[in-house]
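Right, one structure below, let's go through it.
Remember, it's a predicted structure, so these values are computed and weren't measured experimentally. Below, each value reflects all heavy atoms present in this structure, side chains not excepted, and no hydrogens, waters or symmetry copies.
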Amino acid sequence: MFSNRFTEAFGVEHPIVCGGMTAVGKAELIGAVAEAGALGFLSALTQPTPEALVKEIARCRDLTDKPFGVNLTILPTIEPVPYDEYRDAIIDSGVKVVETAGANPAQHLPAFKEAGVKVIHKAVAVRHALKAQALGVDAVSIDGFECAGHPGEDDVPGLVLIPAAARELEIPVIASGGFANGAGLVAALALGADAINMGTRFVATTEAPVHQAVKEQIVANTERDTVVVFRKFRNSARVARNSVSEEILEISAREGTTFEDIAHLASGARGREQVLVQGDVEGGMWWAGQAQGLIHEVASCREVVNTIVSDAEQIIRERLLSRLADRR
């Protein structure tokens, strides 16, 4: 068992996080993550209204009495999103941990702080993490280039980014991108992080609300089965390699093309309906990280967390400490 300033600050048993994932971060998954002793985040904007979010929080509370949080991702949208109302729904529901992502969360921090809500902000660069710390967030989740989703434009992998962030920051650091097993947890702690964040690994669990075919495809995929799309538009995103994401790359490589030329392929609604719901893994663009290459079975959240923790302890005891003793 690993006890440190992260587990103590957030009241969880293990230094493992399931960050917010659109269309995946629902009560059935996050309740199971919490019951396994990790910290999971419901995705606020997965719910169509703030009122629906209140109901989803209540549904999660029916599944667990352990800590869980809500992710509030702040991004430019065609249709305005009532972020203030979602924020107030989180506070009024008594949630005590929030994960912010996307744009600067400064306008929401005073309300969260006044309500006693701890805030973890997701960042993709040390400079962004330092800015978040200066704003008063309680922890930073730092995303290496290996991660699913948006890794930024700097292309710095976790092996460099994590210790660089840990060296500069005074608040807890959550390592994100490429984590799926006990060795990764040991490595993250050795690099100076206080916890790991896993997304793709938690998608390949029995409780994740996605089609079984998606979970099995993650298991079948290797570390090479992702691509980075939208680079041309400075909105780089790591997604699963399939015919749709390959077509996005091909069109984007043509001179003079714009995002409008690939919008029908990149549609989030298409990916959610055809891939996550219907199970057609070639039906749309869907998110996955390079950690796919480390995932070899679909298991329950409890099995995943317990295996990671026990494997990490075994690695430290039998591989590291024993060799250190041998040198003496």
Side-chain angles (χ1 to χ4, degrees), residues 6 10 15-22 24-25 33 38-41 43 45 69-75 97-105 119-133 135 137-169 171-181 184-185 187-203 218 223 226-231 233-240 286-295:
F6 172 82
F10 295 96
I16 297 174
V17 175
C18 174
M21 293 183 282
T22 302
V24 181
V33 169
L39 181 61
F41 289 90
S43 169
L45 300 189
V70 177
N71 167 281
L72 185 63
T73 296
I74 307 162
L75 293 172
V97 187
V98 164
E99 178 188 63
T100 56
N104 190 318
V119 177
I120 299 171
H121 186 65
K122 292 179 70 67
V124 297
V126 175
R127 61 189 182 278
H128 300 157
L130 286 169
K131 176 64 174 179
Q133 177 177 263
L135 291 172
V137 304
D138 299 279
V140 166
S141 180
I142 193 85
D143 287 350
F145 188 56
E146 305 92 334
C147 72
H150 297 280
E153 308 301 321
D154 294 342
D155 298 0
V156 181
L159 191 62
V160 172
L161 186 60
I162 296 161
R167 183 177 186 273
E168 297 290 334
L169 294 165
I171 56 178
V173 174
I174 302 163
S176 179
F179 295 100
N181 57 24
L185 175 56
L189 296 175
L191 292 171
D194 301 274
I196 58 170
N197 171 62
M198 303 190 303
T200 306
R201 171 65 272 197
F202 279 121
V203 176
I218 290 173
E223 67 278 4
T226 71
V227 296
V228 177
V229 296
F230 310 155
R231 170 136 292 187
F233 315 109
R234 294 198 60 78
N235 188 30
S236 295
R238 187 177 298 281
V239 301
W286 54 285
W287 308 93
Q290 291 180 324
Q292 288 181 120
L294 306 174
I295 300 169

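- Residue Phe202 is tested with Asn197, Val24, Ile16 for a side chain to side chain contact (heavy atoms under 4.5 Å, CB included); the sole match is Ile16.
- From His121, atom NE2 reaches atom CD of Gln133 across 12.5 Å, with rounding to the nearest 0.5 Å.
- Interatomic distance, CG of Asp143 versus CD1 of Ile162, reported as 9.5 Å (0.5 Å rounding).
- Rounding to the nearest 0.5 angstrom, the gap separating the CG atom in Asn181 from the CD1 atom in Ile196 is 8.0 Å.
- No side-chain donor-acceptor contact under 3.5 Å links Glu99 to the backbone of Gly69.
- Pairs of residues two or more places apart, or lying in two chains, that qualify as salt bridge (Lys or Arg N to Asp or Glu O under 4.0 Å) and include a residue from residues 154-165 are Arg127-Asp154, Asp155-Arg231.
- To the nearest 0.5 angstrom, Lys122 atom NZ is 8.5 Å from Thr73 atom OG1.
- Residues forming a side-chain hydrogen bond (donor to acceptor under 3.5 Å, both in side chains) with His150 (at least two apart in sequence, or on another chain): Asn235.
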Enumerate, atom names and distances included, each donor-acceptor pair closer than 3.5 Å involving a side-chain atom of residues 288-295, sequence neighbours excluded.
unit_1	atom_1	unit_2	atom_2	d
Gln292	OE1	Asn221	ND2	2.8
Gln292	NE2	Asp225	O	3.1

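- Checked options Val140, Ile120, Asp194; the residue passing with Pro172 is Asp194 (criterion: side chain to side chain contact (heavy atoms under 4.5 Å, CB included)).
- Rounding to the nearest 0.5 angstrom, the gap separating the CZ atom in Phe10 from the CG atom in Asp138 is 5.5 Å.
- Summarising the geometry, atom CG belonging to Leu161 is positioned 8.5 Å from atom CD belonging to Glu146; distances are rounded to the nearest 0.5 Å.
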